[in-house]
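Here's the structure we're looking at; comments come further down.
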Protein chains: 2
Amino acid sequence: MDERLTVGLDIGGTKIDAGMIDATGNIFNKIRLSTGAHEGLDTVLQKIFHAIDTVIKGIYQPIAGIGIGVPGQVDVNTGVVLFAPNLKWKYVELKKIIQEKYPLQVEIDNDANCGALAEAKLGAAQGVKSMVWISVGTGIGGGIIINNHLLRGAGFAGGEIGHITLQQDGPVCGCGNHGCMEALASGTAIIRQVKEGIMAKKRTGIVDMVDGDMSKITVSTIAKAADQGDRLASEVLNKAGQYLGIGIASIVNILNPEMVVLTGGVMEVASTYLMKPIQDTARLRVLVSIRDSLQIKLSQLHGNAGLIGTRLLILS
Amino acid sequence: MDERLTVGLDIGGTKIDAGMIDATGNIFNKIRLSTGAHEGLDTVLQKIFHAIDTVIKGIYQPIAGIGIGVPGQVDVNTGVVLFAPNLKWKYVELKKIIQEKYPLQVEIDNDANCGALAEAKLGAAQGVKSMVWISVGTGIGGGIIINNHLLRGAGFAGGEIGHITLQQDGPVCGCGNHGCMEALASGTAIIRQVKEGIMAKKRTGIVDMVDGDMSKITVSTIAKAADQGDRLASEVLNKAGQYLGIGIASIVNILNPEMVVLTGGVMEVASTYLMKPIQDTARLRVLVSIRDSLQIKLSQLHGNAGLIGTRLLILS
């Protein structure tokens, strides 16, 4: 095992996480910055440089390289970010830009691919050869590993698990399609459905919990309401779990992986209410030949999988 | 290239196709037998032996082996058919049984996997590294090739593309689930929808075309009715095409293959009516980043892909 450290960056639409990562997946010198994507490419690049400079400050051990996860399509051979809608990036030669400033190996991949790699190597899917990693947060992303290799797709656009259609005429998704899993079961969708319930005058304590300010409703608020027996909260979470279960059954029927690992902000705060309908619905809908062997687990790396996984781009 | 011949068998629920296959994928001495699956395993095995004996009769060239496609889950390492519902087989040691009688290399795989292999090597997907092969017939089956390798799944149950859910509360599928693509867009589903239209007194010439005998309605009848401007026939085919397009968009968002190839009895007789709604719907629903590069094509090997592909189990 290569014991050298790596610099890791997990670039999101709103925040950049960065840190030094050691061989066991421990993160130190971790920092978080706002991405500032709306201020344009140069601003984000300055933030990236600042993040790298900050985390390597005072490190005198050998550094093997810089791994970066990006929310979009990345040509992993050239290190070009082909398309990252949340960053408003198109064809950004990120590897080249970083290497001009730092004389180190630089590798870039999709953030969910990084997460899946980390989970398979150091998390819930250790020893598993094929798995589907699903991150349920503001949106729904995914990384797929088949026979120990990432399924990146012909145009590096594979694994977009959030964009399978569950309802032909369902709510409009951010991608433009109708009824995507993301439009029905992401954090955004869960909050929207609760707000719709409130507008439809369903009885709920959620409005009081946010002092009447509907813009303050989060999935965490909704989970807390469910803890207190709030029926609207429980119903919406249960339905989201069912949608996730339907989507997982479809994915599993296509890929027949050994394991499905669930992670992301929504799972972190609401897995108590989501896991049962997910498990029950997926098991009910999956092919009989797959049912008994299907494993659906929660992440063991929580919010750090993407950042830890950047190390595996450099040293696998 | 190995010029030796191979014996190929494509075992279906109702018929067995067998023949000698040469290096260019030509089939000769081809025969077709009824499978007789309802008479039990021994009957089917006798038919398989008879088929092999018949096709190798009079062949004095070297034979490299026997390749067999089976409609079910096959452990390709051991040659055991784990589960083939249409044959009512569970754990049949087919490779061992065949090799006891014939001193040749014997390889067995799922029939759709054979079809996908053939299409990638000799058909519409030549030169393509990742593709999804979808057979629309009585049911809907699929074979997936990623980076030139079949995606067989952890339990050899991958590629069951017909069993992605398109309608949560849709019609019951043969697999027990509701609203599978197979339950909405297979030949069986198309015929059922036409019959439902007839029962609902929709105007159609189809009843006259089968002399009032509804059991005689086939997808071919329906396509002929559409040729004559029959509105019910056109509507049902158009809707089936849309369902296929929705399913393909989901699969493509997950796998990002270079190409999707469509084949099977339904495509053979009704592609005129299906391809446009398939293409239009898939393109509309797929992620923007994939849209322009997505290729959806018809098979070039037609009904023979599965049989030709058995050769590639022996000599690839």
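Per chain, numbering begins at 1; letters A, B, ... match sequence-line order.
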Considering residues, nucleotides and ligands other than B:Lys121, do more than 12 of their heavy atoms fall under 6.0 Å from its NZ?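 Counting other residues, nucleotides and ligands, NZ of B:Lys121 stays at 12 neighbours or fewer.
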
Among [options], residue most engaged with chain A (heavy-atom pairs, under 4.5 Å):
options                                : answer
B:Ile144, B:Leu151, B:Val132           : B:Leu151
B:Ala154, B:Gly176, B:Gly153, B:Gly72  : B:Ala154
B:Ile246, B:Ile161, B:Leu82            : B:Ile246
B:Gly179, B:Gly159, B:Ser130, B:Ala157 : B:Ala157

Proximity breakdown for B:Ile254 and chain A, heavy-atom pairs closer than 4.5 Å: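 Its backbone and side chain both get close to chain A.
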
Of the listed residues (A:Gly142, A:Cys180, A:Gly155, A:Gly170), which shares the most heavy-atom pairs with chain B below a 4.5 Å separation?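 Highest number of heavy-atom pairs under 4.5 Å: A:Gly155.
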
[X] versus chain B, heavy atoms under 4.5 Å apart: side chain, backbone, both or neither?
X        : value
A:Tyr243 : side chain
A:Ile146 : side chain
A:Ser289 : both

To the nearest 0.5 Å, what is the distance between [atom1] on [X] and [atom2] on [Y]?
X        : Y        : atom1 : atom2 : result
A:Ile164 : B:Thr165 : CD1   : OG1   : 8.5 Å
A:Leu166 : B:Leu166 : CG    : CG    : 9.5 Å
B:His163 : A:Ile290 : NE2   : CD1   : 10.0 Å
A:Asn253 : B:Met181 : CG    : CE    : 11.0 Å
B:Leu287 : A:Gln73  : CG    : CD    : 8.5 Å
B:Leu255 : A:Glu160 : CG    : CD    : 12.0 Å

Between B:Arg152 (side chain) and A:Asn256 (backbone), is there a donor-acceptor pair under 3.5 Å?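 Side chain of B:Arg152 to backbone of A:Asn256: no pair is present.
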
Nearest heavy-atom neighbours spanning B:Gln168 and A:Arg285: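 Smallest interatomic distance, heavy atoms only, reads O-NH2, 2.7 Å.
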
